[in-house]
Each structure stands twice: as structure tokens, then as C-alpha cells.
A.B. asks: 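Below you will find the structure I want to go over with you.
We're numbering straight along the sequence, starting at 1. Keep in mind the model is a prediction, meaning the values are calculated, not measured.
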Amino acid sequence: MQAETLAGHAILGEKLGFHRQLGDEHSALFAEGGSTLLVTFDNLDHIAKGSEDRMPWGYKFAEQQGWSLLGIMAHAWTWYRDSNVLDFFDELSESGFFDGFERVIFFGASMGGYAAAAFAAASPGAIVIAIGPQATLSRDIAPWETRYHRVWRRNFSENDRYAFAPDGAAKAERVYLFYDPTEPLDAMHAALFRGPQIEKFSCRRMGHRIASLWLGMGVLKPVILDCASGELTRQSFYRFMRNR
């Protein structure tokens, strides 16, 4: 299924932008649209199983908004800690790729939320929308994080590129961080994100899979649109949450 999905992405990339295989574990699909670029981080297994057309999350949404999309897909639970991905974002930054857009938005949830904040460093001044993100899985900084032992072997050293998500978030114009404060580990990660550009929204009793819940509530896309436009307020956000 992954091979079929990647083949489809390669064909689409030739038509609309580009498709890049980033080593064995990641790939990137760029679909050129408007002057707003939405950068999403997804898991290819979820794409292959959960979508009839097997497009990265946000593809249709970006198309509907007249936006461009850069979908970064992991083929496993990697947290994108791979030199091929790091080199790719270095290349995009150094070539001025992000400078060609009036607005750049990084979006992700959980593992994708970590990546959205971390890789925002490649496009200073971007908007970050991170749902239940991890700040790091470094055993030195977050020894209390016990959920993701499968990825502990990867390099989360603060000295490595794009490793500590709060560092990437510090370079953003604005960061919208959504988390459940009643989930102790998620709350501890959220506490590591600090700065005047960070806006934290409490999603009490929604658990870790907030994005999936919002999708069922029909509020995920409206929340993203309000974050993108800078119109999201606490009042409007909690009005959306009443849909629960």
C-alpha cells in the first residue's frame, strides 16, 4: 500500500510541484497553489489506510483555500529525526523556497506537532499550529516521557538541527499550542514552550488525540483558518469547543 501511495504522489508531484523521497523513511509532496503555504506532517501509514485518494492530510483543504501544500510524510514513527529530512529543510531554507510565499503555516498533531514547531526554524516568521506536541524526546530533558520508547534511540540532542521544538517555535511569528492540561505528560511538554509568541489553549478532558476529536466535531478546519488569519481568540475558540 505504501508503494502504491508513493507512486501516486510521484505522479501528482510532477503535475503540481514536486515529490521527493527523503531516504527510506520519509517523503515530501509539494502541490503549488496560492501565496499561502501550508506545511503538514503526517504518517504515510495513516494516509494509506484512512484516505480513499491517499493524499497527505491538508491536501484537499489547501486546495479548497487556494493554498499551496508541502506535505512531509513519515513512513514510520520517526518523529522526523532523520538527516535526510533535516537536510531537506536546510535546502528549502537556504534556497529561499519559503520566501516565495506571503504566509507560511506549519501544522501538525502529536508527532506532527513536534515537527511543526521544530522545523518552523527553517522559515522564521511563520505561523505554527501545534496540537498536543512534544517539545523533545531527549532522555536528558524529558526523562519523564515514557510513551514513545521506540524512538529513544534517535538523536534529540539540543545541539542537533531542528531537535528542540521550543527553539523552532521561538522563531515563529505566532504559535498556537493546543493541549489537554489534565494529561500530565502533554502538560509537561507544553510547559517547555515559552515566549510572547506562544498562545496556549487549554482543551480540558479531550485527551491526547485532540485533532481526531475536533475532526468529528467539525471544528478542525475552522480553527486552522482562524489561526491562519490571526482571528482566533479565546472567546471564539471556546465557542467552537461547545460543539462537543
A.B. asks: Measure from the side-chain N and O atoms of Asp180 to the backbone N and O of Arg205, and report whether any donor-acceptor pair falls under 3.5 Å.
C.D. replies: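 Looks like yes, one N/O pair under 3.5 Å.
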
A.B. asks: Side-chain contact, heavy-atom cut-off 4.5 Å: Leu137 with Tyr114?
C.D. replies: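 No - every pair of side-chain heavy atoms lies 4.5 Å or more apart.
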
A.B. asks: Stepwise, does the side-chain contact (heavy atoms from CB on, under 4.5 Å) test hold for Glu158 with Ile141?
C.D. replies: CA-CA 9 Å; Glu158 283 189 276; Ile141 301 173; 3.5 Å; yes

A.B. asks: Does Arg81 reach the side chain of Arg153, with side-chain heavy atoms less than 4.5 Å apart?
C.D. replies: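 Not in contact.
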
A.B. asks: If you compare all heavy atoms of Ala122 against all heavy atoms of Ser93, which two are closest, and at what distance to 0.1 Å?
C.D. replies: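 For Ala122 versus Ser93, the nearest heavy atoms are O-OG, 3.2 Å.
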
A.B. asks: In Å and rounded to the nearest 0.5 Å, what is the CG to CE distance from Leu213 to Met241?
C.D. replies: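 Separation between the atoms: 8.0 Å.
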
A.B. asks: In Å, rounded to the nearest 0.5 Å, how long is the span from CD of Gln65 to CD1 of Ile224?
C.D. replies: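 Going from the CD atom of Gln65 to the CD1 atom of Ile224 covers 9.5 Å.
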
A.B. asks: Answer yes or no: is there a donor N or O on one side and an acceptor on the other, between the side chain of Thr233 and the main chain of Ser236, under 3.5 Å?
C.D. replies: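 Flag set: sc Thr233 to bb Ser236 pair under 3.5 Å.
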
A.B. asks: Determine whether a donor-acceptor pair (N or O, by modelled atom type, separation under 3.5 Å) exists between the side chain of Arg20 and the backbone of Ala28.
C.D. replies: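 Judged by distance alone, no pair lies under 3.5 Å.
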
A.B. asks: Once rounded to the nearest 0.5 Å, what's the spacing between atom CE of Met217 and atom OG of Ser212?
C.D. replies: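 Between atom CE of Met217 and atom OG of Ser212 there are 12.5 Å.
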
A.B. asks: Do Leu185 and Trp77 belong together in a cluster built from hydrophobic side chains that touch within less than 4.5 Å?
C.D. replies: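 Unlinked, Leu185 and Trp77 end up in two clusters.
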
A.B. asks: Using ring pair (Phe, Tyr, Trp, His ring centres under 6.0 Å) as the criterion, list what pairs up with Phe101, not counting sequence neighbours.
C.D. replies: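 Here the qualifying residues are Phe97.
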
A.B. asks: Is any side-chain heavy atom of Phe178 closer than 4.5 Å to one of Cys227?
C.D. replies: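 Cys227 reaches Phe178 side chain to side chain.
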
A.B. asks: Answer whether the closest heavy-atom distance between the side chains of Leu22 and Asp87 falls below 4.5 Å.
C.D. replies: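 Sidechains of Asp87 and Leu22: no contact.
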
A.B. asks: Taking only residues two or more places apart in sequence or in another chain, which ones pass ring pair (Phe, Tyr, Trp, His ring centres under 6.0 Å) with His208?
C.D. replies: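 Here no residue qualifies.
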
A.B. asks: Suppose we screen for salt bridge (Lys or Arg N to Asp or Glu O under 4.0 Å). Which residues come up paired with Asp99, at least two apart in sequence or across chains?
C.D. replies: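 Counting only residues at least two positions away or on another chain, Asp99 forms no salt bridge (Lys or Arg N to Asp or Glu O under 4.0 Å).
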
A.B. asks: Please report the shortest heavy-atom distance between Ala211 and Leu220, naming the atom on each side.
C.D. replies: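 Shortest heavy-atom separation between Ala211 and Leu220 comes out as O-CD2, 4.2 Å.
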
A.B. asks: May I ask you to decide if Leu225's main-chain N or O and Ser229's side chain share a donor-acceptor pair within less than 3.5 Å?
C.D. replies: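 Answer holds: yes.
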
A.B. asks: Output every pair passing salt bridge (Lys or Arg N to Asp or Glu O under 4.0 Å) with a member in residues 183-202, not counting sequence neighbours, ordered by first then second residue.
C.D. replies: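 Matches after skipping sequence neighbours: Arg147-Asp186, Arg174-Glu199.
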
A.B. asks: Which distance, rounded to the nearest 0.5 Å, do you find between the CG of Asp24 and the CG of Asp82?
C.D. replies: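 Spacing of CG (Asp24) from CG (Asp82) equals 8.5 Å.
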
A.B. asks: Decide, yes or no, whether a salt bridge links Asp90 with Arg161 under the criterion of side-chain N to carboxylate O below 4.0 Å.
C.D. replies: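 Salt bridge between Asp90 and Arg161, a charged N being under 4.0 Å from a carboxylate O: yes.
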
A.B. asks: Could you report the tightest heavy-atom contact between Val175 and Ala169, atom names first, then the distance?
C.D. replies: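 That would be CG2-O, 3.6 Å.
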
A.B. asks: Indicate yes or no: at least one non-hydrogen side-chain atom of Ser27 is less than 4.5 angstrom from one of His19.
C.D. replies: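 A side-chain contact under 4.5 Å exists here.
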
A.B. asks: Is there a side-chain contact between Leu69 and Phe30 in this structure, where contact means two heavy atoms from C-beta onward sitting under 4.5 Å apart?
C.D. replies: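 With C-beta onward as the side chain, the pair stays apart.
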
A.B. asks: Please examine the side chains of Phe156 and Val151, heavy atoms only from C-beta on, and report whether any two atoms are closer than 4.5 Å.
C.D. replies: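 In short, these two side chains touch, coming nearer than 4.5 Å.
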
A.B. asks: Apply side-chain contact (heavy atoms from CB on, under 4.5 Å) to Leu29 and Ile72, showing your working.
C.D. replies: CA-CA 7 Å; Leu29 174 64; Ile72 311 298; over 6 Å; no

A.B. asks: When hydrophobic residues are tied together by side-chain contacts of less than 4.5 Å, even through go-betweens, does Phe61 share a cluster with Ile129?
C.D. replies: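 Phe61 and Ile129: one cluster.
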
A.B. asks: Hydrophobic clustering (ILVMFWY, side-chain heavy atoms < 4.5 Å, transitive) - are Tyr176 and Trp67 grouped together?
C.D. replies: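 Yes; tracing contacts between hydrophobic side chains, which count when under 4.5 Å, links both residues.
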
A.B. asks: What is the distance from atom CG of Leu70 to atom CZ of Phe89, rounded to the nearest 0.5 Å?
C.D. replies: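 The distance works out to 6.0 Å.
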
A.B. asks: Main chain of Thr136, side chain of Gln134: is a donor-acceptor contact present, judged purely on distance under 3.5 Å?
C.D. replies: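 Such a contact is absent between Gln134 side chain and Thr136 backbone.
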
A.B. asks: Name all residues meeting the side chain to side chain donor-acceptor pair (under 3.5 Å) criterion together with Ser202; count only those two or more places apart in sequence or in a different chain, and write none if there are none.
C.D. replies: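 Ser202 satisfies side chain to side chain donor-acceptor pair (under 3.5 Å) with no residue once adjacent residues are dropped.
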
A.B. asks: Closest heavy-atom contact between Ala126 and Ala172?
C.D. replies: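 Closest pair (atom of Ala126, atom of Ala172, distance): O-CB, 3.3 Å.
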
A.B. asks: Report yes or no: do Ile131 and Phe240 belong to one cluster of Ile/Leu/Val/Met/Phe/Trp/Tyr joined by side chain heavy-atom distances under 4.5 Å?
C.D. replies: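 Per the 4.5 Å side-chain linkage, Ile131 and Phe240 are co-clustered.
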
A.B. asks: Has Arg139 got a side-chain atom pairing as donor or acceptor with Glu145's backbone, closer than 3.5 angstrom?
C.D. replies: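 Here the side-chain-to-backbone pair exists.
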
A.B. asks: If you apply the rule side-chain contact (heavy atoms from CB on, under 4.5 Å), what do you find for Ile127 with Phe107, and how did you get there?
C.D. replies: CA-CA 9 Å; Ile127 296 169; Phe107 170 84; over 6 Å; no

A.B. asks: Quick check on the 6.0 Å ring-centre criterion: do His26 and Tyr80 meet it?
C.D. replies: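 Distance test on ring centres: under 6.0 Å, yes.
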
A.B. asks: Report yes if some heavy atom in the side chain of Trp214 is under 4.5 Å from a heavy atom in the side chain of Val223; otherwise report no.
C.D. replies: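 A side-chain contact exists here, since the closest heavy-atom pair is under 4.5 Å.
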
A.B. asks: Between Ala116 and Gly108, which heavy-atom pair has the shortest distance, and what is it?
C.D. replies: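 Heavy atoms of Ala116 and Gly108 come nearest at CB-N, 3.8 Å.
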
A.B. asks: On the 0 to 90° scale, with breaks at 30° and 60°, tag the Phe106-Phe98 ring pair as parallel, tilted or perpendicular.
C.D. replies: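 Rings of Phe106 and Phe98: tilted, 30 to 60°.
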
A.B. asks: Between Ser157 (side chain only) and Asn159 (backbone N and O only), is there a donor and an acceptor less than 3.5 Å apart?
C.D. replies: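 Side chain of Ser157 to backbone of Asn159, a donor-acceptor pair under 3.5 Å: yes, one is there.
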
A.B. asks: Can you name the closest pair of heavy atoms from Ala135 and Pro166 and give their distance?
C.D. replies: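 Heavy atoms only, the tightest pair is O-CD, 3.6 Å.
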
A.B. asks: Quick one: side chains of residues 31-41, donor-acceptor pairs under 3.5 Å with protein atoms, not counting sequence neighbours, listed by atom name and distance.
C.D. replies:
{"unit_1": "Thr36", "atom_1": "OG1", "unit_2": "Arg103", "atom_2": "NE", "d": "3.1"}
{"unit_1": "Thr36", "atom_1": "OG1", "unit_2": "Arg103", "atom_2": "NH2", "d": "3.1"}
{"unit_1": "Thr40", "atom_1": "OG1", "unit_2": "Trp57", "atom_2": "O", "d": "3.2"}

A.B. asks: When you group the ILVMFWY residues by side-chain heavy-atom contacts below 4.5 Å and let the links chain together, are Trp144 and Phe164 in the same group?
C.D. replies: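 Phe164 clusters together with Trp144.
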
A.B. asks: For a ring-ring contact (aromatic ring centres under 6.0 Å, His included) with Trp79, tell me which candidate from Tyr148, Tyr162, Trp152 qualifies.
C.D. replies: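 When ring-ring contact (aromatic ring centres under 6.0 Å, His included) is applied between Trp79 and each of Tyr148, Tyr162, Trp152, only Tyr148 qualifies.
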
A.B. asks: Return the CG to CZ distance between Asp160 and Arg154, rounded to the nearest 0.5 Å.
C.D. replies: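 The distance works out to 12.0 Å.
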
A.B. asks: If you draw the axis of the six-membered ring of Phe201, does the NZ or CZ of Arg234 fall within 45° of it and under 6.0 Å from the ring centre?
C.D. replies: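 Yes, a cation-pi geometry.
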
